[in-house]
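Below, read A as the first sequence line, B as the second, and so on, with proteins coming before strands; counting in each chain starts at 1.
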Amino acid sequence: MRYRCASPNVRHHLPLLSTPLKDCSFMRLSRLFLPTLKENPAEAVIVSHRLMLRAGMIRQHAAGIYNWLPLGTRVLQNIAKIVREEQNFAGAQEIIMPTVQSGELWKESGRYDDYGPEMLRIKDRHERDMLYGPTHEEVVTDIFRNNAKSYRNLPLNLYQIHWKFRDEVRPRFGVMRGREFLMKDAYSFDVDFERSKHSYNQMFVAYLRTFARMGLKAIPMRADSGPIGGDMSHEFIVLAETGESAVFCHKGLLEKPAPENVDYQSNLQAIIDDWTSLYAATEEKHDAAMEAKLGADLVKARGIEVGHIFHFGTKYSAAMKAQIAGPDGQPLTPLMGSYGIGVSRLVGAIIEASHDDAGIIWPEGVAPFRVGIINLKVGDAACDAACTDLYAKFTKAGVDVLYDDRDERAGVKFADNDLIGVPWQIVIGPKGIAKGVVELKRRGSTEKEEISLDAALNKFTAK
RNA sequence: CGGAGCGUAGCUCAGCCUGGUAGAGCGCCAGCUUUGGGAGCUGGAUGUCGGAGGUUCGAAUCCUCUCGCUCCGACCA
């Protein structure tokens with residue numbers, strides 16, 4: 001393993017109070033706890049799992065349960081940030097519900113017996129039935145019924161980004177199919193079907209934007225919606241060559257841009273219709289006759305499910321007697337929907353969709369660091385000075401920067417920076433410095449550009 | 001949950017069939033040389049051979065049990 005233990009005083013040179021620094025991450029690679037692996041671990045079969053282990057993002061703790069190391073944690077948090085922003089834009093409100101839940105609520109909804117061994121059941125010291133939450137419909141419905149009083153409290157959409165546990169029979173594919181996983185789950189409450197559908201549409205649009213911001217092509221596909229029927233359940237499938245299931249869709253869906261400048265209060269139905277009018281289906285539900293008609297417009301690809309939204313009406317609100325006063329003063333049972341995004345799974349999905357032989361290619365929105373400074377000759381006064389100066393300026397300007405100040409050979413540094421997928425790499429060596437230039441490389445492209453130090457600085461700090 | 005396989009150094013793995021007391025490459029530590037795509041030489045550290053029991057003079061190796069992990073299939077954010 002190639003790492004040194006990070007000191008808790010890494011940032012001791014910074015002012016502790018009234019810091020002028022913007023919210024950004026910055027780190028010297030010599031201090032980063034980054035245990036990269038040169039060889040492929042035997043346990044990992046798919047590329048995202050291999051790369052996450054090799055890039056020092058995660059380590060397995062038990063089957064389907066992972067430790068997230070600093071690099072992986074940064075990516076996970078960047079993804080969560082995008083999810084959170086888009087949920088907030090769409091009008092959802094963030095809460096945090098317990099991971100360990102009381103079994104009583106599940107007995108009320110009837111799912112305590114229905115759920116099966118996927119649910120991890122625990123007894124506390126008083127022999128009470130507890131469980132580690134695989135989902136939170138019961139808890140959120142309980143929150144609602146205890147605290148919402150009137151139709152005037154609606155519409156309401158509560159979400160959380162939290163860890164869940166499902167005791168899968170066969171966890172695999174690293175974080176793509178773990179037992180413990182980080183998920184965004186939102187729950188909407190509305191007075192009638194039309195308004196409930198609007199809540200559903202808000203999430204639909206938010207999802208389109210969320211995945212696009214992560215650099216993903218995510219296609220909404222009609223999914224089983226249970227007893228409610230209709231078109232009120234969609235899976236969002238990320239297209240990736242190594243995806244777990246085959247998907248079929250109209251090629252127009254691949255070029256469709258995510259909606260911008262959305263007014264979430266306005267009627268969003270036209271956007272939903274635009275996206276759902278084109279054919280898209282997973283392997284299980286595909287229709288050979290429809291596909292034959294598409295001809296050259298048919299795209300066959302592979303995909304990973306990263307989101308699922310559905311409307312389920314009064315299933316939980318009725319079972320758990322979550323009633324509020326309606327406009328006429330009579331009790332009203334709200335209609336509900338729930339909306340999931342697999343946040344930890346997305347880390348794997350993004351890698352599946354974006355990598356090459358050298359390693360991960362992070363889209364800028366989720367990269368653990370945006371810019372890498374690679375000092376090719378640590379100990380050379382000119383190189384050191386140029387690097388530390390640039391590093392300090394990036395830090396001050398709020399640019400997420402990783403400075404590779406390790407006393408390693410050039411090849412090692414290039415390999416590690418490529419492996420962990422730093423999107424922009426500024427290579428600073430004695431030859432360039434003598435000419436007053438550095439080399440700028442874009443991860444994933446073979447192009448290299450020689451520019452001045454000032455130009456490199458401006459490229460990432462200019463508005 | 002059915003079927004298959006694997007646990008030996010931080011990682012990848014050899015040794016097991018045919019029992020004789022622990023190995024290689026990479027990584028790690030020290031030194032010298034090197035220095036623009038995972039360097040070279042020299043020296044060094046590292047293992048309860050997953051665990052328990054058994055057979056044997058002797059077990060990484062054979063037997064039994066057990067724990068963990070992985071793969072294929074059925075199931076899922």
Ignoring backbone atoms, establish whether [X] has a side-chain N or O less than 4.0 Å from OP1 or OP2 of [N].
{"X": "A:Lys377", "N": "B:rU35", "result": "no"}
{"X": "A:Gln60", "N": "B:rU70", "result": "yes"}
{"X": "A:Arg409", "N": "B:rA39", "result": "yes"}
{"X": "A:Arg54", "N": "B:rC11", "result": "no"}

Note to self: By the 4.0 Å heavy-atom rule, please label A:Gly116 as base, sugar-phosphate, or nothing.
What the structure shows: nothing
Next item on the list: Using a heavy-atom cut-off of under 4.0 Å over every strand shown, decide if A:Glu39 touches base, sugar-phosphate, or nothing.
Entry: base
Taking only N/O atoms, report every protein-nucleotides 4-9 of chain B pair under 3.5 Å with atom names and distance.
none

For [N], the Watson-Crick or wobble partner whose two distances fall under 3.5 Å:
{"N": "B:rG37", "result": "none"}
{"N": "B:rC17", "result": "none"}
{"N": "B:rA24", "result": "B:rU12"}
{"N": "B:rG5", "result": "B:rC69"}
{"N": "B:rU64", "result": "B:rA52"}
{"N": "B:rA59", "result": "none"}
{"N": "B:rA30", "result": "B:rU42"}

Whether [X] and [Y] hold their rings parallel, tilted or perpendicular, with breakpoints at 30° and 60°:
{"X": "A:Phe394", "Y": "A:Phe460", "answer": "perpendicular"}
{"X": "A:Phe204", "Y": "A:His234", "answer": "perpendicular"}
{"X": "A:His49", "Y": "A:Tyr66", "answer": "perpendicular"}

Next item on the list: Return the 5'-most residue of the pair A:Leu182, A:Ala62 with respect to RNA chain B, ranking by each residue's nearest nucleotide.
Entry: A:Ala62
Note to self: I'd like to know if A:Arg121 and A:Asp129 make a salt bridge, using a cut-off of under 4.0 Å between side-chain N and carboxylate O.
What the structure shows: no
Next item on the list: May I ask you to say whether A:Glu85 pairs ionically with A:Arg213, meaning some side-chain N is under 4.0 Å from a carboxylate O?
Entry: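 Yes, charged N to carboxylate O under 4.0 Å.
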Notebook entry, point to check: Are A:Met183 and A:Ile341 close enough that some pair of their side-chain heavy atoms sits under 4.5 Å apart?
Noted result: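 Side-chain contact under 4.5 Å: no.
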